[in-house]
Amino acid sequence: MEHLPRSWFERPASELAPALLNKLVVSRIDPAPVVGRIVEVEAYEEHDPASHTFGGPTARNRVMFGPAGHLYVYLSYGIHRCANVVAGSEGAGQAVLLRALEPVAGIETMRARRPGRRDRDLADGPGKLCQAMAIDLLHDGVDLTDPDAPLTIHDDGVAAPAAPLVGPRVGITKAVDVPWRFRLPPAS
DNA sequence: AAAGAGATGGTCT
DNA sequence: GACCATCTCTTTT
């Protein structure tokens, strides 16, 4: 289980996004670690009308303008949290939205956090995965490259798919035509 | 199986 | 005061 250095994250969000597929998100927010494999992501860049950074720096989006490899968390629809990995060079204003995880470890904890859901529904959405991993607004700005951070990203040797599924982003009203959503292909 | 609507609160104009 | 990078439950086919 290899730790990814900050330099690995320092590339455009549209390039980082497919590279994040099959990487592991490790949550140590609770006593027992919870691990999920990234299976769906979306890229957001600064000149993108759908990005939170489109209008320039604000109190909410300041983490997106900081160094790559940090976590950007925001409140969605007043109810859900959404987690992003900051991309690009410092000051750029880019990030990759984590859209879906597949449980790898700590599934009992995930079930306890999302009672009554089928296992396949534990983390298969941006809000759902934050519930399953216990990611909250408190974690906005966490350095994912710090081994002691409550949230980290690891590489367990499973390569990103050579040909990920690519399509338009969802849940947005602007720049819906850009093919910046990436998913693992169907199980082999 | 698909479609519709309500929940709920921070952020920005 | 409008606008959401969503989820869940209910209703209809």
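From a predicted model like this one, the values you see are computed outputs, not experimental measurements. Just so we're on the same page: letters track the sequence lines, and every chain starts at 1.
Note on A/R99: a side-chain N or O is less than 4.0 Å away from OP1 or OP2 of C/dT6. OP1 or OP2 of C/dC7 has not a single side-chain nitrogen or oxygen of A/R117 nearer than 4.0 Å. Neither OP1 nor OP2 of B/dT11 sits under 4.0 Å from any side-chain N or O of A/H52. The side chain of A/T173 places an N or O atom within less than 4.0 Å of a non-bridging phosphate oxygen (OP1 or OP2) of C/dC4.
Taking 3.5 Å as the limit, the base of C/dA5 and the side chain of A/Y77 contain no donor-acceptor pair of atoms between them.
With centroids closer than 5.5 Å and planes inclined by less than 30 degrees as the test, A/Y74 and the base of C/dA5 fail to qualify as a stacked pair.
Side-chain atoms of A/R114 lie closest to C/dT8 of the nucleotides C/dT8, C/dT6, B/dG10. Listed nucleotides: C/dC4, C/dC7, B/dG9. Nearest to the side chain of A/L75: B/dG9. Among the nucleotides C/dA5, C/dT6, B/dG10, the one closest to any side-chain atom of A/Y72 is C/dA5.
Across every strand in view, C/dA5 sits unpaired, with no contact that passes the Watson-Crick or G-U test at under 3.5 angstrom. In this structure B/dT8 sits in no base pair that meets the Watson-Crick or G-U test at under 3.5 Å.
Electrostatic pairing of A/D48 and A/R169 counts as a salt bridge here, judged by a charged N lying under 4.0 Å from a carboxylate O. Ion pairing between a basic and an acidic side chain is recognised when a charged N comes within 4.0 Å of a carboxylate O; A/R60 and A/D140 show no such pairing. The pair A/D143-A/R6 meets the salt-bridge criterion, since a charged nitrogen lies less than 4.0 angstrom from a carboxylate oxygen.
Base engagement by A/L97 is indicated by at least one non-hydrogen atom pair under 4.0 Å involving a base atom. No contact: A/R81 has no heavy atom under 4.0 Å from any strand. Using a 4.0 Å heavy-atom criterion, one finds that A/R169 contacts no nucleic acid atom at all.
Both A/I79 and A/L137 sit near DNA chain B, but only A/I79 has its closest nucleotide nearer the 5' end. Between A/D121 and A/V96, it is A/V96 whose nearest contact on DNA chain C lies nearer the 5' terminus.
Atom-to-atom, CG of A/N61 to C1' of B/dT11 comes out at 10 Å; the value is rounded to the nearest Å. Whole-Å rounding puts the A/R118 CZ to C/dC9 C1' distance at 14 Å. Computed from coordinates, the A/I172 CD1 to C/dT6 C1' distance equals 14 Å when rounded to whole Å. Rounded to an integer number of Å, the gap from NE2 of A/H80 to C1' of B/dG10 is 14 Å.
Counting heavy atoms from C-beta outward, A/I172 and A/Y44 have side chains that approach closer than 4.5 Å.
Ring centers of A/H52 and A/Y74: under 6.0 Å apart, within the cut-off.
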